[in-house]
Amino acid sequence: MALHIYNSYTRKKEIFESITPGYVGMYVCGPTVSGESHLGHARPYISFDVVYRYLTYKKYKVRYVRNITDAGHFEEEGREAEDKVSKKAQIEKLEPMELVQKYTNLFHWAMKQFNCVEPSIEPTATGHIVEQIVMIEDIISKGYAYVVNGSVYFDVKKYAASHDYGKLSGRVIDELLDAGNREDVSRELDGQQEKRDAADFALWKAAPPEHIMRWKSPWGEGFPGWHIECSAMATKYLGSNFDIHGGGMDLLFPHHESEIAQSTICNHSAPVKYWMHNNMITINGRKMGKSYNNVIKLTEMFSGNHPLLTQAFHPMTVRFFILQSHYRSTLDFSSEALSASEKALKRLWDAYEVLKNLPVSNNASPNDAELDSKITNWLNEFEIFMDDDFGSPRVIANMFEIAPIINSLKDGLIPFDAISASTLQKMKDSFQVFLEDVFGLTNVNDQNNELLNPIMQLLLDIRKEAKSNKDFATSDKIRNQLTQLGILIKDDKEGNTTWGVA
RNA sequence: GGUCCUUUGGCCGAGUGGCUUAGGCAAAGCUCUGCAAAAGCUUCUACAGCGGUUCGAAUCCGCUAGGGACCUCCA
């Protein structure tokens, strides 16, 4: 089965065929590093990390570009244009670039916690001012942008006359063009008066004197509009036409719509073959976002230091939580849901550890052909489900179908010759590939270390001895106190004991 | 106001026109156990409401109700 991807642009699932066979160019809108990342930000980066990993698994050579937006944009309309980055910097008494660096570092730290693969290229907006200016000049020369008072605006009306502006986001162009005249649009965009039409968007903004972040341009000192950076950097590193552009659904309009317009004018063709958008993470049914005042920062997530959290959550728990739902569905956050994911992940990973240690026999044919083929089928579906627009929840469901079988094999409830050696080997391989390589999950309980292991073995030996002497006081003491320390003792049928961090 | 999406069992969440209609968490019972835990087995089992299309719909269409997103910085 071939990989199918839901294309936001056509609103259909399409067979994925890369523009250049064997190669994939993927651009994902990265963070604005003027503040700390929150749980909502985790979704696209984890979702597209899995996309990247899966494409790699499918033998594509992927160039994965994810930008860092470190040039400030507007904060509030109806007031004087303010650079978000420089404003915050004054509050915190930091240099703008110092602030940007701080949050970039924090973002990178969080990505590492989530075990996200680093992008191939991570370009910054401030590092590509020249490219953006060149692109704006090109748009002006082609007649689709105009200069007013040192700012440059994209002429949406002119573009819409010959192009389908609004197709991606499902906007009706007449309404956009009409927006400035409508009563319900009471909030005035900055610079609205100097635009030819309300729907026009800024390519370059003249910087007021108090603006710290500013660059020289043919139109005076200023800073780039929000949308142009992605167009410029994507074009530079992936070309005029590339395969996948990803981001949150909230970026559909105006960001991605505008990107299409800009790039189409400059490159004479639509820039992106497959647009992918992840849905939002909500809290109590409401999107997590600054304006709603309901964000949980990632540092709070990992520390449990937030009123909505009953405990700290491991980054892998968050990652698993996100993978348990489809990337295009909204995902409602709650502490309970996270706790459920935590337990589920632990159960799954424990089974995986057991699986890794199961001995592979030379059993050529299964004694229980029905079970053997059921397992084979579940394993084969891993790839089938992922091929169907990255159906990670269904893959996980299949893994949970197999988990009890793994445990039963270990406990002898299912004899080893029930399944063939090749099937067992396939189980090991498939779990390893999908759990670790594709889903990017890692062991949560990797506190095991060289010193602790022999000490634990010593304690378990003493306990075993005590048990065989019916000295249950001693054996229970060891067990109970270890439990208090957060170490779980598991006895199996053969009298063997394993342990793990609870 | 416009555009679009969504509504699944106690909770979270997959999913397909029909074949017993995932999975996880929680709960209950059982097996195992010195007692537990872990593990295994079993049970509980839904598709907002109303109408329509169909031999047959939770799955397609319409209406109603609830929820949400975007239209503004936003993942």
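Note that the structure is a prediction, hence the values are computed from the model and not measured. First the proteins, then the strands, lettered A, B, ... as listed; each starts at 1.
Ring-centre distance between A:F114 and A:W109: not below the 6.0 Å cut-off. Residues A:Y274 and A:H245 keep their aromatic ring centres 6.0 Å or farther apart.
Using a 4.0 Å cut-off, no side-chain N or O of A:R328 falls inside it from OP1 or OP2 of B:rC5. In terms of phosphate contacts, A:S329 brings a side-chain nitrogen or oxygen within less than 4.0 Å of OP1 or OP2 of B:rA14. Taking only side-chain nitrogens and oxygens, A:N407 comes nearer than 4.0 Å to OP1 or OP2 of B:rG40. For A:R347 and B:rG40, the shortest distance from a side-chain N or O to OP1 or OP2 is below 4.0 Å. Between A:S169 and B:rU3, a side-chain N or O to OP1/OP2 separation shorter than 4.0 Å is absent.
Here A:F472 packs flat against the base of B:rG34; its ring centre is closer than 5.5 angstrom to the base's six-membered ring, tilted by less than 30 degrees.
Taking the side chain of A:R171 as heavy atoms from C-beta on, and the options B:rG2, B:rA14, B:rG34, the nearest nucleotide is B:rG2. With B:rG34, B:rG23, B:rC12 as the choices, the nucleotide that has an atom nearest any side-chain atom of A:A337 turns out to be B:rC12. Listed nucleotides: B:rG40, B:rG13, B:rG34. Nearest to the side chain of A:K467: B:rG34. Checked against B:rG13, B:rU3, B:rA36, the side chain of A:R479 finds its nearest nucleotide in B:rA36. The side chain of A:P254 lies closest to B:rC71, out of B:rG34, B:rG68, B:rC71. Relative to the side chain of A:L488, the nucleotides B:rC70, B:rA75, B:rA37 differ in distance, and B:rA37 lies closest. Comparing B:rC70, B:rA22, B:rG24 against the side chain of A:E401 picks out B:rA22 as the nearest. Distances were taken from every side-chain heavy atom of A:M288 (C-beta onward) to each of B:rG34, B:rA75, B:rC70; the shortest belongs to B:rA75.
Residues A:C230 and A:Y27 have side chains in contact (heavy-atom distance under 4.5 Å, counting atoms from C-beta outward). Two residues are said to be in side-chain contact when any heavy atoms from C-beta on lie closer than 4.5 Å; A:Y6 and A:Y327 meet this criterion.
Using a 4.0 Å cutoff on non-hydrogen atoms, the parts of residues 244-252 of chain A near RNA chain B are A:G247, A:G248, A:D250, A:L251, ordered by number.
A:R53 and A:D49 are joined by a salt bridge, as a carboxylate oxygen and a charged side-chain nitrogen come within less than 4.0 angstrom of each other. By the 4.0 Å N-to-carboxylate-O rule, A:D200 lies too far from A:R196 to be salt-bridged with it. For A:R463 and A:D491, the salt-bridge test passes: some basic side-chain N is under 4.0 Å from an acidic carboxylate O.
Between the side chain of A:N398 and the base of B:rG23, no donor-acceptor pair under 3.5 Å is found. Judged by atom type and distance alone, A:D491 reaches the base of B:rA36 through a side-chain donor-acceptor pair under 3.5 Å.
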Mind running side chain to side chain contact (heavy atoms under 4.5 Å, CB included) on A:I322 and A:S47 for me, showing each step along the way? CA-CA 8 Å; A:I322 286 172; A:S47 297; 4.3 Å; yes
Could you walk me through whether A:R347 and A:F400 pass the side chain to side chain contact (heavy atoms under 4.5 Å, CB included) test, one step at a time? CA-CA 9 Å; A:R347 187 169 129 77; A:F400 276 111; 4.2 Å; yes
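Using the six-membered ring where Trp is involved, A:H277 and A:H256 have ring planes that are tilted, between 30° and 60° apart.
The ring pair (Phe, Tyr, Trp, His ring centres under 6.0 Å) check on A:F333 picks up nothing, with sequence neighbours excluded. In this structure, the side chain to side chain contact (heavy atoms under 4.5 Å, CB included) partners of A:H306, at least two apart in sequence or on a different chain, are A:I296, A:E300, A:L308, A:L309.
Summarising the geometry of A:S475 relative to A:A466, their closest heavy-atom pair is N-CB, 4.1 Å, with the distance given to 0.1 Å.
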Where do N or O atoms of nucleotides 58-60 of chain B meet protein N or O atoms at under 3.5 Å, pair by pair?
none

What's touching nucleotides 26-32 of chain B from the protein side, N or O pairs under 3.5 Å?
{"unit_1": "B:rA26", "atom_1": "OP1", "unit_2": "A:K343", "atom_2": "NZ", "d": "3.2"}

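Among the heavy atoms of the strands lying under 4.0 Å from A:Y292 are primed sugar atoms or P, OP1, OP2 only; no base atom is included.
Mapped onto RNA chain B by nearest heavy atom, A:L331 and A:S408 fall at different nucleotides, with A:L331 at the one closer to the 5' end.
A side-chain donor-acceptor contact under 3.5 Å links A:K205 and A:Y153.
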Which dot-bracket string fits RNA chain B when only Watson-Crick or G-U wobble pairs with both atom distances under 3.5 Å count, crossing pairs get [ ], and | stands for a partner on a different strand? (((((((..(((.....[....))).(((((.......)))))....(((((..]....))))))))))))....
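More than 12 heavy-atom neighbours from other residues, nucleotides or ligands sit within 6.0 angstrom of CG on A:N469.
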